[in-house]
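As C-alpha cells, the structure follows; a few thoughts come after it.
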Protein chains: 2
Amino acid sequence: MINPIGNLNKIFDSRIRLGVMSILMVNEEVSFNDLKQMLELTDGNLASHLSTLEENGFLKVHKGFVGRKTNTTYSITKAGEKAFKGHLAALENMIRSME
Amino acid sequence: MINPIGNLNKIFDSRIRLGVMSILMVNEEVSFNDLKQMLELTDGNLASHLSTLEENGFLKVHKGFVGRKTNTTYSITKAGEKAFKGHLAALENMIRSME
DNA sequence: TAAAGTACTTTGTGAATCAAAGTTACATAT
DNA sequence: ATATGTAACTTTGATTCACAAAGTACTTTA
C-alpha cells in the first residue's frame with residue numbers, strides 16, 4: 001500500500017472514539033459517567049459513539065450496580081484491541097516517513 | 001487538560017488532510033496530481049481539502065508551469081508545520097498513557 | 001412526594017464528505 | 001480550424017456524521 005492513509009481505520013477518524021479506545025486500552029473497565037466526564041461529552045453524544053464501537057465489536061458492555069444504583073461499564077474486546085493497535089501502527093507508518 | 005482528546009486539532013480529524021500534511025512534511029513541494037495519485041482521490045475531493053488547509057493557513061500554493069503545462073504545487077507553511085506537530089504531540093500524549 | 005441520578009433514545013439541525021459533472025484555460029494532434 | 005486532452009478547479013446534490021437538547025424509564029435519596 002503506497003497510499004499513506006489507506007490503512008487507517010475509519011472508525012477511529014472520530015476523535016471521540018479515539019479517546020474512548022485509548023482510555024479503555026489503559027483501564028480494564030470504565031463506567032459511562034467516567035467516560036462522560038473524562039471526555040467532556042453529553043450523554044447522547046457519548047452513547048452514540050459507544051454504540052458505534054459496540055456494533056463494530058470493539059467494546060463490550062457490562063450492566064451492573066454500585067450499591068443500588070445502576071452502573072454500566074465498558075471494556076475493550078480482543079478485536080477492539082487489535083483494530084486499535086492496527087490503527088496506531090498505520091499512523092506511525094504514515095508519520096515515520098517524516099523522520 | 002485532563003481530557004485526552006482536548007488537544008487534538010479538529011482540522012486533522014480528516015484522514016485526507018492528515019495524509020496531505022504528512023506528505024508535505026516530507027516533501028518540500030508536491031503537485032496537485034501527485035497528491036491526487038498518492039492519496040487516491042478525485043479532483044474535487046482533493047481540491048476541497050486543500051482549500052480547507054489553505055484557509056487555515058497550513059499550506060501555500062504555487063501556480064507555475066512544467067514546460068508549457070500549468071502545474072500547481074503545494075507546500076507547508078510554518079503555521080502548518082507547527083499545528084501538525086502539535087497535533088502529533090497530542091496524539092502521542094494520548095497514547096503514551098497506554099504504555 | 002418531589003427532586004435527582006443513570007443510561008439511554010429520539011429528534012432536529014447544521015456540518016462534513018464525497019462522487020460526478022461542469023468549467024476555464026491552455027496544448028497538442030489531425 | 002477542429003477536436004481531443006490535461007490541469008485544476010467549482011458546483012451540485014446526496015448521503016452520512018456530529019452534536020445538543022429534550023424525552024424516557026427506572027431507581028434512589030431527601
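Hydrogens, waters and symmetry mates are skipped; everything else that's a heavy atom, side chains included, is used.
Closest approach of B:A83 and B:N9 over heavy atoms only: CB-ND2, 4.0 Å. The shortest non-hydrogen separation linking A:A79 to A:G57 is CB-O, 3.7 Å. Taking each heavy atom of B:L59 and B:E54 in turn, the nearest pair found is O-CG, 3.6 Å.
In this structure, the side chain of A:N56 does not engage the main chain of A:F58 through any donor-acceptor pair within 3.5 Å. Distance alone, capped at 3.5 Å, places no donor-acceptor pair between the B:S31 side chain and the B:T73 backbone.
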Original post:
Does the pair B:N93 and B:N7 meet the rule for a side-chain contact (heavy atoms from CB on, under 4.5 Å), with working shown?
Top reply: CA-CA 9 Å; B:N93 280 339; B:N7 291 315; 5.7 Å; no

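In this model, the phosphate group of C:dC18 is not approached by any side-chain N or O of B:T42 to a distance below 4.0 Å at OP1 or OP2. At the phosphate of D:dA7, neither OP1 nor OP2 sits under 4.0 Å from any side-chain N or O atom of B:T72. Residue B:S31 places none of its side-chain N or O atoms closer than 4.0 Å to OP1 or OP2 of D:dA7.
In this entry the distance linking CD of A:E40 with P of D:dA18 reads 18 Å, nearest Å. Per the geometry, NZ belonging to A:K36 stands 15 Å off C1' belonging to D:dC19, to the nearest Å. Between the P atom of C:dA20 and the CG atom of B:L41 lies a distance of 13 Å, rounded to the nearest Å.
With contacts defined as side-chain heavy-atom distances shorter than 4.5 Å, the pair B:R17/B:T52 qualifies. Using a 4.5 Å heavy-atom cutoff, the side chains of A:D13 and B:D13 are not in contact.
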**OP:** Starting at the 5' end of nucleotides 22-30 of chain D, put B wherever the base has a protein heavy atom under 4.0 Å, S where only the sugar-phosphate does, and a dash everywhere else.
**Re:** -----SS--

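When each of A:T42, A:D43, A:N45 is tested with A:K36 by the rule side-chain hydrogen bond (donor to acceptor under 3.5 Å, both in side chains), just one qualifies, namely A:D43.
Ring planes of A:F32 and A:Y74: tilted class, angle from 30 to 60°.
Shown for residues 45-60 of chain B: residues whose heavy atoms fall under 4.0 angstrom of DNA chain C, namely B:N45, B:H49. Less than 4.0 Å separates DNA chain C from at least one heavy atom of each of the following residues of residues 10-20 of chain B: B:S14, B:I16, B:R17.
Separation of atoms CG (A:N33) and CE (A:M38) is listed at 10.5 Å; rounding is to 0.5 Å.
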